[in-house]
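Right, one structure below, let's go through it.
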Amino acid sequence: MIYIVTAFHAEAKPLIEHFGLKKLYEPSKFQIFSGNDILLIESKEGIVKSSIATTFALTKFGAGSSDIVLNIGICGAVENAFSKGDVILCNKIINHHSKKAFYPDILIQHSMKEATLESFMHPVKKDNLPVEIEGDIVDMEGAGFFEAASIFLPLHNVHCIKIVYDFLDFEKINPVEIENLIKQSIPHIENLINSLLKLNFEFCNNTPEINNIPLLVNKLKNSLHLTAYMTNELESLLKDYIIRHKKLPDCIFEFFEVQINSKKEGKNYFDKLRKILLS
């Protein structure tokens, strides 16, 4: 399962549309959307609220060690070293108030910039910027999210992705502008998710677990635009392959990245994958 935590609906909306998520009518204080082995929860603004929403999602829906959780949202850049719309993978997250620092394990290659994120309990503007600030970028959720998520999942599966919205000179947040920035960042987000999925499957490749197969099947179904019949066949073929070979085929992750433009093309890729799994 891939968990996504956002603060605002404007941050969530492009992700909901892109991944085809549907509103989950679960009794809770949060807006929750799910589909295709992805669950998105809107925490609302603030370190504490982000921490609570993250804890709720990961406990309520039974997150396991091979699951992935991402905090995705906008941020402000302290210096002009960044440009508006830059997509940043945070390599250090600081709670400005408790001074706690958290370090994700970035074990994969990615297409984003990296920076230190510092989280505050209140909006920060240039004219009230603390002298002792350490972060390159600032927000109001990342530290709460990360501290909560790191209790449940290994650090290589917990990440903050921030998109530069302003340079701490904002007057009013524009939801449409936020939506556009998040939408533009989706290729970077998908690239990270694919790399993390591959990493997790490689980790379990020495002792492959049948329970991990549904996540891989779902990713391949979406990449290759498989029918329900093909999807069921794929799951059966994968299980049989693992039983025979005690591992996944090395080339299977190449199918994550293919671009399908027609049903015929998808069927051709599926036939190629079937041949590999029958070997």
Side-chain angles (χ1 to χ4, degrees), residues 1-4 15-22 24 33-40 57-58 61-70 105 107-111 152-154 156-159 186-279:
M1 176 78 80
I2 298 156
Y3 295 86
I4 299 173
L15 300 168
I16 292 167
E17 293 174 350
H18 180 78
F19 292 113
L21 308 183
K22 305 294 183 185
L24 188 63
F33 302 83
S34 68
N36 298 317
D37 225 35
I38 296 174
L39 186 136
L40 183 149
L58 297 181
F61 299 97
S65 61
S66 62
D67 290 335
I68 297 161
V69 60
L70 306 174
D105 284 341
L107 305 179
I108 42 87
Q109 292 185 329
H110 60 88
S111 55
F152 302 99
L153 299 180
H156 68 271
N157 283 339
V158 182
H159 294 284
I186 286 175
H188 297 281
I189 295 168
E190 279 202 304
N191 176 59
L192 180 76
I193 290 172
N194 289 340
S195 296
L196 290 172
L197 287 171
K198 182 178 179 183
L199 175 69
N200 279 295
F201 280 111
E202 286 175 344
F203 269 169
C204 75
N205 227 2
N206 292 328
T207 54
E209 300 174 26
I210 296 298
N211 291 340
N212 288 328
I213 295 302
L215 185 61
L216 179 57
V217 169
N218 191 66
K219 183 62 188 174
L220 290 167
K221 178 190 77 172
N222 292 333
S223 295
L224 303 179
H225 299 179
L226 302 182
T227 64
Y229 178 83
M230 289 176 176
T231 302
N232 290 334
E233 184 181 358
L234 174 61
E235 185 167 358
S236 177
L237 289 170
L238 273 169
K239 288 177 180 177
D240 290 344
Y241 185 95
I242 287 176
I243 290 168
R244 293 196 312 275
H245 297 278
K246 309 302 181 189
K247 67 168 195 168
L248 293 166
D250 294 332
C251 61
I252 196 164
F253 302 104
E254 296 172 10
F255 291 87
F256 281 12
E257 310 295 338
V258 298
Q259 299 294 320
I260 302 298
N261 298 311
S262 67
K263 286 184 179 180
K264 184 178 179 181
E265 193 175 357
K267 186 179 183 304
N268 289 339
Y269 273 108
F270 178 70
D271 289 341
K272 182 180 177 183
L273 180 55
R274 182 199 283 122
K275 195 172 292 186
I276 292 167
L277 294 174
L278 288 171
S279 64

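The structure displayed is predicted, hence computed values, not measured ones.
- Atom OG of Ser223 and atom CD of Glu254 lie 12.5 Å apart (nearest 0.5 Å).
- By the ring-ring contact (aromatic ring centres under 6.0 Å, His included) test, Tyr241 is found to be paired with His245, residues two or more places apart in sequence or in another chain being considered.
- Between Lys263 and Thr227, the closest side-chain pair of non-hydrogen atoms is not below 4.5 Å.
- Taken to the nearest 0.5 Å, the CD1 atom of Ile260 stands 9.5 Å off from the CZ atom of Phe255.
- When all heavy atoms of Ser111 and His188 are compared, the closest pair comes out as OG-ND1, 2.8 Å.
- The shortest distance between side-chain heavy atoms of Leu70 and Leu192 falls below 4.5 Å.
- We find the CG-NZ distance between Asn232 and Lys221 to be 10.0 Å, quoted to the nearest 0.5 Å.
- From Leu273, atom CG reaches atom CG of Leu238 across 7.0 Å, with rounding to the nearest 0.5 Å.
- Of the possible polar contacts, one joining the Asn36 side chain to the Phe19 backbone as a donor-acceptor pair under 3.5 Å is found.
- Nearest heavy-atom pair across Ile276 and Cys251 is CD1-SG, 3.5 Å.
- With contacts defined as side-chain heavy-atom distances shorter than 4.5 Å, the pair His159/Leu196 qualifies.
- Closest of all the heavy-atom pairs between Ser34 and Leu24 is OG-CD1, 4.1 Å.
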Side chain to side chain contact (heavy atoms under 4.5 Å, CB included) between Lys219 and Asp37: does it pass, once the steps are laid out?
CA-CA 9 Å; Lys219 183 62 188 174; Asp37 225 35; over 6 Å; no
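- Rounding to the nearest 0.5 Å places CE of Met1 at 10.5 Å from CG of Leu58.
- Here the side chains of Leu197 and Leu216 are not in contact, with every heavy-atom distance at 4.5 Å or above.
- Counting only heavy atoms from C-beta outward, the side chains of Phe256 and Leu220 approach each other to under 4.5 Å.
- The closest side-chain heavy-atom distance from Leu21 to Leu15 is not below 4.5 Å.
- Contact between Tyr3 and Phe61 at its shortest, heavy atoms only, is OH-O, 3.2 Å.
- In this structure, Lys198 NZ and Ile108 CD1 are separated by 11.0 Å, a value rounded to the nearest 0.5 Å.
- Counting only distance, with no hydrogens or angles, the side chain of Asp67 and the backbone of Gly64 share a donor-acceptor pair below 3.5 Å.
- Taking the side chain as every heavy atom from C-beta outward, Val217 and Leu226 never approach each other to under 4.5 Å.
- Here side chain to side chain donor-acceptor pair (under 3.5 Å) pairs that include residues 269-279, with residues two or more places apart or in two chains, are Glu233-Arg274, Lys267-Asp271, Asp271-Arg274.
- Here the shortest heavy-atom pairing between Ser65 and Asn157 reads O-ND2, 3.0 Å.
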